[in-house]
Structure formats: structure tokens, C-alpha cells
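Here the structure is laid out as C-alpha cells; the discussion comes afterwards.
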Amino acid sequence: MNRSTSAFSLKILLCLLFLFLFGALFRLQVIKGSYYRRIAENNFVRIRRVTATRGEIYDVKYRPIVINIPSHDLYLISGRVKNIDALGVFLKTNFGIEKEELHNLIFQQRFKTYEEIMLVDNISYETMLALSERLNYFPELVFRSGTTREYLYPNHFTGYVGRINEDEFKRYRQEDYSLNGYIGKGGLEKYYEILLRGRDGKQIIQVDARGQNLGFFRTDADVAPINGLSLVLSIDNDLQSFVQECFPYASRGAIVVSNIKDGGILAYASNPSYDPNVFMQRISPDQWAELNRPERPLLDRVCQGAYPPGSVFKPVTAAEGLEAGLINRNTLLAPCTGGMKIGNRFFKCWSSHGHGRTNVVDALRVSCDVFFYDLISRIPLDDAWRHAVSCGVVNRTGIDLPGERSGSYPNTEWYKKRLGRSKGLQGYKANLSIGQGEVLTTPLQINTLYAAIARGGYWIQPHFLVRTLGRGKLSREQVQPLDKHSFGWSQSTVKAIQDGLWAVTNAPGGTGRAFNVPGVTTYGKTGSAENAMGKTTHAWFTGYIVTDKPEIVITVFLENAGGGGAVAAPIASRIANYYVGNIDRFKAPAPIPDQFRDLEGEDENGMEEGFPHPSPHEDPAAVVPAEEDA
Amino acid sequence: MFNRKKFDWVLASLLIILIVMGCIAIYSASTTIIGKHHSTENHWWKQIIFAVISLTAVVLLLKLPMPIFDILIVPLFVVNMLALIGVLFVPAAGGAHRWFSFFGLHYQPSESAKLLSVLLVARVISKENLTELRQVAYGIALMTIPVVLILMEPDFGTSLVFVFSLLVMFIAADVPLYYILLIISPVLSIVSSLHWLAVVVWILVFVFLLIRMGLSWIAITISGIINVFLALIMPVFWNGLKDYQQERILTFLDPTRDPLGAGYQIIQAKIAIGSGGFAGKGWLMGTQKNMNFLPEHHTDFIFSVIGEEFGFLGSILLLTVFALFFWRLAHAIPEIKVRERKVATAGILAYLMIQSFINIGMNVGIVPVTGVPLLFISYGGSSLLINSLAVGVVLKYLNERGFIK
């Protein structure tokens with residue numbers, strides 16, 4: 001072959017390839033230029049997100065707690081903005097959106113300027129009608145109907161959703177959130193975000209202004225949204241609303257009722273309460289001030305507040321003494337003469353009259369402090385700490401809510417760090433034995449502890465979720481296995497403590513006799529915890545009721561309300577009486593209602609009947625699976 | 001060894017013009033204008049830094065003594081192949097394992113593999129005392145390594161570039177044409193199996209060409225039977241695949257079948273270029289670009305930005321500069337007298353040319369393959385550096401004219 005042949009043939013090839021490209025460009029830009037220009041100007045071809053419907057939340061009888069309701073939202077398409085100043089004025093006067101906020105939104109959206117971004121959600125129907133006409137001047141604004149959340153009663157466990165913010169958007173980059181999306185900001189909405197959310201679908205828009213399919217893509221390529229799973233909670237709405245009414249006027253505190261059988265939460269209330277629906281609109285400064293008033297309505301006092309437990313903690317100390325073999329149920333300890341001298345300091349019993357020599361059952365009944373002072377003086381601090389940890393009153397219970405607080409119980413190391421010494425802690429220990437001093441627990445931990453005592457020393461992780469509804473029906477164990485374990489207490493320990501708790505509410509002289517529920521066996525313990533928040537003690541009562549088997553455990557906690565026996569026990573008694581009075585209704589099995597039965601199947605049609613979602617745009621004429629324009 | 005008289009100033013100037021055009025396009029591609037709101041990403045000045053680095057590297061290459069350059073090729077090739085293996089273990093970005101990233105920079109080993117494979121294959125197949133069969137066998141064996149590794153990433157477009165430059169190097173190394181025909185015949189047989197008439201026509205043409213090229217009857221019969229067999233077995237094999245497997249292969253060959261992914265981008269690129277019309281919308285004013293219908297318009301789809309903003313005139317201008325540039329490269333082949341270097345230059349020209357054809361063809365919607373950047377224009381440091389070095393190698397060969405042999 002000639003030496004220059006390869007160069008020559010490459011030049012020929014070069015000419016051919018570039019003529020080919022030249023031809024293609026000529027056809028695209030000169031012949032069909034106006035056709036493509038029209039498509040480009042009108043955004044006829046794009047991918048649209050089809051939002052998945054968020055799962056709803058139901059109580060144990062499938063009655064709604066959180067539902068989706070229709071809403072009207074205002075969206076902005078930043079790529080169409082022509083006069084940003086006029087837009088700023090319009091938004092400021094009608095929706096109070098500051099100019100900077102608008103600029104920030106546009107900047108955030110700079111990579112997807114053809115996508116609609118939500119400016120204002122939950123606009124009232126009247127406002128929407130009034131403004132619809134003015135929108136002609138602003139082609140970049142558009143009203144859309146969507147869904148929003150409605151919380152059927154104020155509570156502290158559902159939490160609420162909110163618009164995703166830039167931090168969250170970055171953090172969950174892999175999760176395919178829309179900038180317009182909602183994300184759980186607290187409570188169950190946050191904890192079960194993954195289940196509730198579902199997965200958004202995608203829809204290819206390739207229709208021109210006359211509704212004709214442009215035929216660029218196959219028409220069957222849309223990805224249908226997968227709606228979120230609905231949650232069924234162990235909460236009983238009837239009991240929950242009764243419990244919420246039980247708080248005395250202007251009190252601060254928490255009440256939690258749980259099912260002894262499985263550890264499910266039946267009622268969960270913290271006072272003062274707030275309405276999660278306020279977070280569904282723009283919050284006014286007045287509302288914001290109201291939410292942040294000194295009583296702190298946003299604080300969930302059940303599991304986010306840790307308080308000195310006072311005497312309700314005594315069974316923990318008693319059980320350690322019994323288990324360590326230091327006492328048995330008949331052992332009499334130091335005589336109570338209204339107090340006891342430890343070291344060179346006199347520690348008072350709550351009753352200045354004294355209780356004399358008591359055994360463990362009587363000590364619990366009359367809540368004698370001296371018995372426990374004496375008992376803990378025989379227990380090394382670290383053993384007591386280890387025991388408290390094993391009772392689940394120090395660590396988080398693992399309830400399915402975000403932001404749970406752990407309690408606290410000091411050990412030698414803690415004191416060493418805090419005080420610089422690990423000796424001479426007798427006085428501190430005495431306080432610990434009666435749930436004062438450095439001990440802090442949440443009402444939920446106490447409730448869980450007493451549920452475990454009622455089960456004979458078997459601890460079950462407290463929880464809300466019973467099962468999910470919708471595609472992929474899951475039980476709680478499938479979503480997340482529950483922690484269950486035995487304390488390892490002996491029969492006699494359990495019996496002695498249960499007898500003590502029985503005596504509190506039944507025997508003469510018991511501090512919790514106000515917990516009086518005819519027809520069932522009652523157990524309980526009062527507590528009046530001194531605290532740094534005020535002179536009046538925190539009122540505690542926690543008790544459980546047993547019919548032929550253990551039923552429910554009720555914990556009432558009121559900040560600075562007085563004595564547990566006088567203030568908290570009557571409230572617990574009302575709740576227990578209400579429960580026992582309607583026990584058949586509460587215990588009746590709840591059949592799955594028909595509208596949810598459809599969801600149990602795997603077929604997609606069932607899904608759409610159950611959860612209406614924005615229906616995908618219908619293509620009128622679309623069959624040609626074309627890649628090329630004709 | 002820099003030689004002012006032998007230096008190809010035309011080729012170098014065309015290279016610089018292309019790089020400058022690239023910077024202008026990248027500035028526009030990284031700018032978004034909404035109303036009066038104007039924001040620019042920092043891609044464009046990074047690209048200028050890359051350009052300076054690349055041109056410096058070309059100058060250093062020109063000054064590098066030829067023996068050292070010759071010695072370096074084999075170890076660099078080995079290291080590059082190891083990098084291609086290593087990149088398969090990097091977490092996938094956008095469905096493929098293509099880049100190493102460190103300190104915010106991306107290194108794509110398949111870019112440097114193009115140049116090094118061409119240089120190594122050129123050396124091996126240009127040995128004087130090789131039989132034609134050995135030339136072909138060695139060439140194919142060497143090229144198979146990077147091609148298989150890159151197919152695994154997966155990156156079909158880049159693999160195609162390798163195969164094409166191998167064929168051109170065979171021609172430049174005086175391998176008889178019937179070898180080329182035999183090499184590509186299985187692919188054509190498979191393609192023709194879509195229709196029975198195509199099979200018949202193709203086999204007849206194939207046999208006719210072989211006879212004209214004076215191949216022995218035994219060889220013609222054997223290759224004919226193999227190709228007929230391939231064309232017949234393909235439909236059977238294809239129907240034996242599960243639907244999703246067929247879909248996967250088709251999407252691999254033609255990404256436009258995936259409308260939510262690459263297909264969407266290709267359509268949007270076509271709309272962008274088409275809507276540019278004859279004169280374009282003006283620099284920085286592309287609406288498709290400003291509204292960001294194209295997620296990656298500063299890399300693989302940069303041509304669509306040029307087409308939209310500068311219209312038919314601008315696109316043709318760029319095409320012309322490219323054509324002149326390749327013409328000048330082709331012009332260099334007969335100038336170079338050393339056989340190995342001549343073959344290497346042909347290979348470099350082939351891979352640069354086919355790569356720009358694939359990229360522009362993809363942007364205008366006539367080539368389905370994706371994953372190939374537009375040389376000198378697309379944003380990306382490793383691509384710019386390697387392609388500039390490839391031109392640098394040719395400039396170096398031109399400079400060295402007449403020293404040896």
C-alpha cells in the first residue's frame with residue numbers, strides 16, 4: 001500500500017463524518033428550528049415529580065389521629081421570572097414574604113429553574129379566589145392543589161411535618177426529596193419518616209399546547225409513586241382524650257398509660273399541650289410567643305423531661321436489697337423516729353412522727369424514708385447504680401419517638417468527677433435511696449418500670465407502633481424488634497415488692513389509698529419529690545390494676561403540685577375507673593375496617609382507591625414508541 | 001527537543017483556538033440568569049487553570065528527550081490498566097464506575113488509557129519483521145485489555161473509540177484490508193440479523209469483497225460459514241433472553257431508551273440545539289440552559305449550549321475549526337517517516353475524530369451513545385490534559401522529523 005493512503009482515507013472519512021454532522025445540524029437548526037423553539041419556550045418536554053401520598057396515623061381501633069386533607073398552595077417557577085421587583089411587592093403585600101426570602105428561594109432553585117417551587121402552602125380558598133385574577137400578571141406564579149396534614153387533637157407524640165429545609169435537603173440528598181417536600185420534624189412523623197413518606201413517582205411530560213404527544217419518548221416509562229405506609233398505634237383515642245382532660249387547671253405535668261400485656265402506650269399526654277396544626281401554616285409572632293411561653297408547651301414531659309422521682313423510686317432500692325440478700329421481706333431495719341443520723345447529719349423522714357421499725361412491705365406502704373436510708377448504707381454505690389441501670393430507669397427506654405431523654409443515677413466515678421472524691425458519699429447515697437438528689441427519671445421510665453414489676457420483673461420496651469397499613473403490612477416486630485428482657489429477680493423479691501405496692505393503695509395507712517378502683521386489684525406508689533424548681537414538691541403517682549391478669553399501668557406526674565397521694569393518686573384513680581368502667585369496649589378486638597382491607601392486597605389499584613393522590617396526567621394520543629421525531 | 005522550524009504552528013494554534021472556544025462555552029454553561037439574577041459556578045476559571053496546566057504539559061513533553069519518552073510508555077500503560085481495574089471498585093457515580101476523585105478533582109483512567117493504548121499498540125504492530133497475522137493478533141490482544149475493563153464500568157461509547165482507533169492503526173500499519181473486513185464482519189452479521197434480507201445482502205457483499213481482495217477459497221468459505229451461522233444464531237439467542245435482560249442490553253447500546261435518564265438528556269439537548277435556530281439566542285441567553293433542563297450541560301452536553309446560544313452559524317464555525325484541526329493532523333501522517341510514529345499519529349487522529357463525532361452526533365440526536373466528552377470543549381481536567389498531550393505527541397513527532405532513520 002502507498003504510504004499516504006492512510007492519511008488520504010482518513011481525510012475522506014473526516015469529510016464524510018463532518019458532512020453528516022453538518023446535515024444533521026442544518027435539519028435541526030435551520031429546517032426545524034422554529035418547531036424546537038416553540039417546544040423550548042413552552043417547556044413541553046420535562047420530567048415531573050408525582051408526589052407520593054404520606055401515610056396517615058390511626059389509633060388502635062383504626063380511628064384517625066393524623067390525616068391528609070386537601071390544600072391550596074402557591075408555586076413559583078423561577079425560570080419564568082421577568083420582573084423580580086414587582087413579584088417581590090406582590091408577595092410581600094399578600095403573603096408577607098420578604099424580598100430576601102424570595103431571592104434565597106430563587107438562588108436555592110438555580111439548578112432546576114423550570115421546576116415549580118412551593119412559596120406558600122395552605123392558602124385559604126377565599127384568598128386563592130381573590131388572587132387568581134391578579135396571577136395573570138405573574139406567569140411565574142401558579143396555584144396547585146395538594147395535601148396537607150391535619151392533626152385531630154393536640155398531643156405530643158405525633159409530632160408534625162414541615163417543609164424540608166436546606167440542611168435536611170443536603171443531608172438526605174440520596175433520598176430523592178423534592179425541595180417542595182414535607183419531612184417529619186418531630187415525634188412519630190420524624191421517627192417513622194421512612195415508612196410514612198413512600199417514594200415519589202416520575203412522569204414524563206411530552207405533550208404540546210394542543211395536547212398532542214410529541215413522541216420523543218416511549219409513553220410507558222412513567223414511574224408510579226409508591227404511597228407511604230399508614231401507622232396503627234397502640235393509642236386508644238377514647239382513653240387519650242379522657243386523659244388529656246384529667247390535668248388540673250394550669251398544671252404542668254405528664255400522664256402516661258400503657259398496656260402491661262405488650263408494653264404498648266395507650267395514652268400519652270403532657271400538659272400544657274399544643275396543637276401541631278399551627279405548624280402547618282406560617283406561624284405568626286404571637287403564636288410563636290405562645291409556644292415558647294415559660295410553661296413550655298412544646299416540651300414533651302413524658303419522655304423529654306427528667307425529674308427527681310421521689311418515693312416512686314423506692315421499689316428500685318428495695319429490690320436491690322432483696323436481691324442482694326441484705327434483707328428479706330420480714331427483715332426490720334433501723335427504727336424511724338422521724339429521721340436518722342447518717343455521719344454527722346440528720347436525715348429526716350417525710351413524717352416527723354416516725355414509723356418505728358418496718359419491714360420492706362410496710363416501708364413501701366407508709367413510704368418510710370429511714371428504712372431506705374438504712375438499707376442503702378449497706379449497699380456499695382456502684383452496685384446500686386448497676387441495679388438502677390438494669391431496672392431501665394437510667395438509660396433511654398427506646399420508645400419510638402425522637403429526642404427521648406435518658407434519666408440519671410450517679411456512680412462513684414460520677415461523684416469523683418463532680419466532687420473530686422469517691423469517699424464519704426453516705427449522705428448522697430441516702431438521698432439516692434429515696435429517689436432524691438442526683439436521681440432523675442422521666443415519667444415514661446417510671447411507667448415502664450412499674451409495668452415490668454406488674455409482669456413479675458419482665459421489661460418490655462414501650463412503643464406506639466402496632467403495625468403498618470398499606471403496601472407491605474408490617475408488624476411492629478418486623479419494623480423494628482422490641483427489646484424484651486427479664487430483670488432476673490427472684491419470685492420472693494417480686495412478691496415482696498408487689499405486696500408493698502398493694503399495701504400502698506389498699507392497706508390502712510397506705511399513702512396511695514386515693515387510688516381506689518372497685519372491682520379490680522390495685523397496686524401503686526406515691527411520690528412527692530423535692531426539687532429545685534420550686535418549694536412545692538412534684539406530685540407522682542404510678543399504679544397498675546389487675547383483673548384476672550395485669551391490665552394497665554398509669555403514671556401521673558405533676559410539676560410542683562404537692563403530695564403524690566393527695567394530688568396525683570386521685571387523677572390516676574379517675575383514669576383507672578374510666579378504664580375499668582369501659583373495659584369491654586377497650587378490650588374488644590378491632591376488626592380492620594373495609595377501606596383498609598383493600599390495602600392489604602399487593603395490587604396497585606387497591607392503593608389508589610384507599611389513598612387518592614394527584615392523578616397522573618392522561619395522554620390522549622400516545623402509542624408510538626418513538627425515539628426520533630418524525 | 002524544540003525545533004522552531006519544524007514546529008507545526010498551525011496545529012498548535014488550532015488547538016489553542018479550540019481550548020479558548022471551550023472556555024467561552026463553559027463560562028456560559030456554568031452561568032444561570034433568571035430575571036436580573038445572575039449567578040456563575042466556578043467551572044470556567046477551573047477550566048482556564050486546567051488549560052494552562054495542559055499547555056504547560058505539552059511544552060514539557062516537547063522538551064522531553066525522545067528516548068525517555070519511549071521508555072515511559074510501557075510502565076505508564078501498565079499503571080493505567082491497574083487504575084482501570086481499581087476504578088471498578090470505586091462507588092458508582094451516576095450508575096457507572098468511571099472516576100477517581102481526590103480533593104474535588106476527578107481522574108478518569110479511561111481518558112489516559114486511550115492515548116497510552118494507541119502509543120503501545122502502534123509500537124507493537126509496527127515492528128518490521130512481523131507477519132500480518134501477528135500484527136492483527138497482537139493489536140487485538142493488547143486493545144482487548146482496556147476495552148473489556150471499560151465495558152465493565154460500563155462505558156460503551158469509550159470502548160467504541162478504542163476499537164475504531166485500532167482499525168485505523170491497522171490500515172496505517174499496512175495490514176491488508178481483508179483483515180479489517182474479517183474483524184468487523186461478526187459485528188455486521190449480528191446487526192444484519194435484524195432482517196433476513198439484510199443477512200442475504202450482507203453475506204453476498206462480504207464474499208464478493210473477499211474474492212476481490214484475492215483471499216484463498218478456503219478462508220472465504222470458513223469466514224462465510226461463520227458469519228452466516230452468527231446471523232442465524234443471533235435471533236435464537238436474543239429470544240432466549242429474559243425481557244429485562246433484553247431491555248438492559250438495548251439501553252446499554254442506546255441510552256435514549258431510558259427516558260428518565262440519558263434519554264431525557266439527549267432529547268433536551270436536541271431541543272436546545274434546535275431552538276437555537278440559525279443565529280442562536282446569544283451568549284449566556286440560552287433558555288434551555290438557563291432553566292437547566294440539562295443537568296450536565298458543562299460536560300457531555302456542552303455542544304448543546306453552543307448550538308443554542310450561537311445557533312447554526314456558531315455550530316458550523318466550531319465544526320469547521322474541528323475539521324481543520326483534524327485535517328492538519330491527517331496532513332501530518334505522511335510527514336512523519338518513522339513507521340511506529342506514523343501509526344501512532346493515525347491512531348491519535350482516529351480516536352480524537354471519532355470521539356468528537358460521537359459527542360456532537362449524540363447532541364444532535366444521530367448517535368445514541370453517551371459518556372464521551374467533546375474534546376477541548378467539555379469541562380474536565382483529565383480529558384483536556386490527555387487530549388492536549390495527544391496533540392503534543394504528534395507535535396513532538398513532527399519536531400523529531402529526520403533525526404532518526
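Below, read A as the first sequence line, B as the second, and so on, with proteins coming before strands; counting in each chain starts at 1. Remember, predicted model here, so these are calculated numbers, not experimental data.
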Would you say Gln203(A)'s side chain and Asp222(A)'s backbone share a donor-acceptor pair under 3.5 angstrom? no
Step by step, work out the side-chain hydrogen bond (donor to acceptor under 3.5 Å, both in side chains) result for Lys281(B) and Ser275(B). CA-CA 8 Å; Lys281(B) 297 175 187 168; Ser275(B) 67; 2.9 Å; yes
Is it true that Tyr179(B) and Phe170(B) have ring centroids separated by less than 6.0 Å? no
Is the NZ or CZ atom of Arg171(A) positioned over Tyr177(A)'s six-membered ring, under 6.0 angstrom from the centre and within 45° of the axis? no
Look at the aromatic rings of Phe18(A) and Phe322(B) and report parallel, tilted or perpendicular, splitting at 30° and 60°. tilted
Charged N to carboxylate O below 4.0 Å: is that the case for Asp121(A) and Arg163(A)? no
Close side-chain approach of Asp200(A) and Pro225(A), heavy atoms under 4.5 Å: no
I need the contact set between residues 343-351 of chain B and chain A: heavy-atom distance under 4.5 Å, sorted by residue number. Ala346(B), Leu349(B)
Per-residue tally against chain A (heavy atom, under 4.5 Å) across Gly274(B), Ala173(B), Ser315(B) peaks at Gly274(B)
Residue Val45(A) versus chain B: region with a heavy atom under 4.5 Å: both
I'd like to check Met362(B) versus Val372(B) (side-chain heavy atoms, cut-off strictly below 4.5 Å). Are they in contact? no
Counting heavy-atom pairs under 4.5 angstrom with chain B, the leader among Ile47(A), Leu87(A), Leu10(A) is Ile47(A)
What part of Phe303(B) gets closer than 4.5 Å to chain A, counting heavy atoms only: side chain, backbone, both or neither? side chain
